[in-house]
Structures are given as structure tokens and as C-alpha cells.
Student: 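Got a structure here, written out as C-alpha cells. Questions coming.
Because only heavy atoms are used, hydrogens play no part in the values below, and waters and symmetry mates are left out as well, while side chains stay in. One-based numbering, in listed order, for ligands and for the atoms of each. For clarity, every value in this text was computed on a predicted model and none was experimentally measured.
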Amino acid sequence: MSRFLNQRLAALDEYVPGEQPQDKKYIKLNTNESPYPPPQRVADAVKRQEIEDLRLYSDPECKRLRRKMAEVYGLVPENIFLSNGSDETLNFAFMAYGAGGAVFPDITYGFYSVFADLYGIKSEIIPLKSDFTVDVNAFCGKMKLVVIANPNAPTGILLGTEDVERIVSSNPDSIVIIDEAYIDFGGISALPLIKKYDNLLVVGTFSKSRSMAGARLGFGFADEKIIADLEKIRYSTNPYNINRLTLLCGEEALCCGDYYAENCRRIIETREYTAEKLKAMGFEMTDSKANFIFAKHKNIGGYELYSALKEKGVLVRHFGNERIKDYNRITVGSREEMEKFLEITAGIIGGKI
Ligand SMILES: *Cc1c(COP(=O)(O)O)cnc(C)c1O
């Protein structure tokens with residue numbers, strides 16, 4: 001760090017992404033990417049001409065992609081915000097709505113506290129209940145920016161739509177963000193509620209269920225006034241936040257609903273299969289409705305299992321946080337990857353009995 005950096009920023013604890021090692025080939029179950037490639041239509045979208053057209057700026061209004069999204073989701077383009085990954089929508093929302101403070105659970109997506117710190121926002125951290133479910137009452141009537149990941153990460157636990165609506169309706173004078181990065185793996189989206197509540201921002205991404213983490217495409221759905229706020233920030237920071245190739249790939253991806261639905265079905269099936277096998281090995285886990293399993297075993301520490309797996313070529317995600325240090329978050333990969341993971345895990349656990 002240089003001596004020139006603004007002191008407040010120098011004190012920040014930045015977000016730590018999951019490892020993306022480039023040295024050797026791992027079975028990569030640590031960052032919740034899809035085991036399946038984007039559909040052929042997406043691959044075909046990037047033609048030679050499109051590469052030549054990279055000399056031109058991208059469309060700052062993302063007109064075609066927004067129109068297509070509006071069609072697919074039954075909205076008008078004015079309800080849709082597009083961003084460079086959903087992290088960027090979250091970033092702008094904290095910037096726009098966090099001045100009065102923000103509130104989120106103790107165990108959730110790590111970026112929320114980073115954004116709060118980045119903007120000097122005071123955070124109220126509400127502990128999940130002992131079974132890792134959200135304490136819904138504690139999120140009602142807050143008069144602060146409320147942020148909930150649903151399903152939550154890294155627990156995978158889903159909050160029902162009635163509970164989501166209770167949180168939204170009881171905070172009429174502040175924004176409620178529902179981060180639905182994993183909603184396609186077994187949840188019901190809060191999207192229909194944006195027509196009823198002008199304080200709801202539903203955030204989503206192409207990174208997980210749509211196999212496009214590397215393209216960086218995320219979105220927000222909300223009342224058009226909220227979208228206008230976010231646009232104001234976008235035009236004040238980076239109007240070309242989505243590159244030309246990603247815009248094209250996103251449009252094609254939206255045409256492949258059936259392909260993605262089938263991938264999600266396979267991932268859910270593999271999740272349930274893997275969970276059963278892990279239970280038979282003595283693991284305990286949450287009821288995940290996401291594309292990962294959050295599990296612990298009484299005979300081995302979380303970090304110890306993470307390290308043993310890494311040594312054998314399998315990457316999972318371990319979090320140091322005291323409350324969840326016994327756990328690992330295991331992305332649901334392909335059936336073949338999970339068979340291999342189970343076999344290696346059985347070997348490690350077997351050595352512990
Ligand atoms: C993965 C993830 C995101 C961010 O994804 P992007 O790649 O930036 O779209 C947002 N929220 C949660 C809870 C996530 O797990």
C-alpha cells in the first residue's frame with residue numbers, strides 16, 4: 001500500500017474471492033460455477049465480425065438485451081437494470097441507499113459488509129437463528145437498507161415468499177434488496193412483488209444457473225424510479241459497464257430457457273444424490289436450495305477437510321468465521337465430479353475413524 005491512499009480506504013478489509021488457481025487442474029467445487037458450458041447459441045454469438053466491432057463502444061443503454069429480458073420476465077425495460085456482474089448492482093445499491101445504515105445477517109454473502117465499509121455505512125448485523133434460518137421478525141420495520149440473499153449463502157437455506165413479503169412490506173420507507181443469485185436451483189423469485197412494492201430491489205445474475213460467470217452479467221428488477229436511481233449512478237461511474245461480447249452472449253442465453261432449466265434439474269438431482277451420500281458418511285448439512293452443499297463432519301475440522309481435499313486435487317470453500325468454521329461449502333458439479341469428490345472424501349474420513 002502506498003502512503004498516498006486515502007486513510008479510510010487503507011483500513012478496508014477487501015472482499016476475498018474464492019481461489020482460481022491456474023497451476024494445476026482441480027475438481028473445482030469452490031466458487032459455485034456451473035459444471036455445464038453455455039449453450040451452443042451463446043458460443044455461436046461471438047463471430048469474427050463481433051471481434052472487429054470491439055473497436056466500437058458498447059450500447060450504454062443495452063437496449064436489445066433489456067428488451068429481451070423484459071419479454072422473458074414479463075416486465076418493461078424500465079424495470080430492468082443491467083450490470084457488470086450482480087456485484088455491481090449491489091455496489092450501486094449500497095452507494096444509493098445505504099446512507100441511513102444497512103442491515104443483513106451475520107452469516108451471508110461476504111460482499112455486503114465490504115460495500116458497507118467502502119461507503120462508510122453503519123451495518124447492523126443480525127445473527128441467523130441457531131438452525132441458520134433468517135430471524136424474519138428482526139428484519140421488519142428497520143428504516144435502513146435491508147439486504148437478504150435468498151437462498152442465503154453459504155447456507156443455501158431458502159426463505160419462503162411470505163416471509164420475504166413480510167420483510168418488504170414492513171420496511172416501506174427503506175429499500176429491501178433480495179439477492180437471488182441462486183433462486184433457479186429450487187426457490188421462488190420475489191420478482192412479482194416489484195409491482196406491489198416500490199421499495200423492493202430483486203438482484204440476479206447470469207453467473208450461476210446460466211453458466212456465464214466469466215462474462216460478468218448481472219441485473220436488478222425494481223420499480224422504474226429505483227432503476228432510474230441506479231442508472232444515475234451508472235452514468236456517473238461507467239456507462240459502458242457491459243462489454244459488447246457479454247451483451248451478445250446475454251441475448252442468446254435468454255433464448256435458451258429450456259437448456260438452462262434442464263441443467264438446473266440435473267444440478268438439483270446431483271445435489272440431492274451427493275447430500276444423501278454425505279449423510280451416509282456421517283456429514284451433517286443444511287437444507288440447501290442452491291447449487292452447493294454446506295456440510296460438516298464431527299470427526300474432522302472444516303479447514304482440515306478443505307486442506308486434505310485440496311491436497312488431493314479437489315477445491316471447496318472454507319470460511320474462517322467462528323460460527324461456521326466446522327463447515328465447508330461444496331459446489332454441486334457434474335455427477336462425475338461429485339462421484340470423484342465423494343470417493344476422495346470417504347478416503348479422508350475413513351482415515352479419521
Ligand atoms: C455469486 C454471488 C453473487 C455475485 O455474482 P456475480 O458474478 O457478480 O453476478 C451475488 N450474490 C451472491 C449471494 C452470490 O453468491
Student: Give the residue, atom name and distance (to 0.1 Å) of the protein heavy atom nearest atom 8 (O) of ligand 1.
Tutor: Arg216 NH2, 2.8 Å
Student: Return the CG to OH distance between Asp179 and Tyr109, rounded to the nearest 0.5 Å.
Tutor: 7.5 Å
Student: Using a 4.0 Å cutoff against the non-hydrogen atoms of Lys208, which atoms of ligand 1 qualify?
Tutor: 1 (C), 2 (C), 3 (C), 5 (O), 14 (C), 15 (O)
Student: Do the non-hydrogen side-chain atoms of Thr89 and Phe219 ever get within less than 4.5 Å of each other?
Tutor: no
Student: Find out whether the Lys NZ or Arg CZ of Arg271 is both under 6.0 angstrom from the six-membered ring centre of Phe185 and within 45° of the ring's axis.
Tutor: no
Student: Counting only heavy atoms not in Arg323, do more than 12 fall under 6.0 Å of its CZ?
Tutor: yes
Student: For atom 7 (O) of ligand 1, which of the options Ser207, Ala153, Gly204, Gly214 provides the nearest non-hydrogen atom?
Tutor: Ser207
Student: Please work out which of Tyr182, Phe292, Tyr112, Phe219 has its closest non-hydrogen atom nearest to atom 15 (O) of ligand 1.
Tutor: Tyr182
Student: Relative to the heavy atoms of Ala181, which atoms of ligand 1 are at a distance of less than 4.0 Å?
Tutor: 2 (C), 11 (N), 12 (C), 14 (C)
Student: Is it the side chain (CB and beyond), the backbone, both or neither of Ser86 that lies under 4.0 Å from ligand 1, heavy atoms counted?
Tutor: both
Student: Using a 4.5 Å cut-off on heavy atoms from C-beta on, say whether the side chain of Leu217 contacts that of Ile242.
Tutor: yes
Student: Would you mind running through ligand 1 and noting each atom that sits below 4.0 Å from a heavy atom of Asp87?
Tutor: 3 (C), 4 (C), 8 (O), 10 (C)
Student: Note the single closest protein heavy atom to atom 11 (N) of ligand 1, along with its residue, its atom name and the distance in Å.
Tutor: Asp179 OD2, 2.6 Å
Student: Can you tell me how far the NZ atom of Lys195 sits from the CZ atom of Phe221, to the nearest 0.5 Å?
Tutor: 10.5 Å
Student: Within less than 4.0 angstrom of ligand 1, does Asn32 place any heavy atom?
Tutor: no
Student: Are any non-hydrogen side-chain atoms of Val114 and Asp13 less than 4.5 angstrom apart?
Tutor: no
Student: Below 4.0 angstrom from a heavy atom of Gly85, which ligand 1 atoms are there? Numbered from 1 as shown, please.
Tutor: 8 (O), 9 (O)
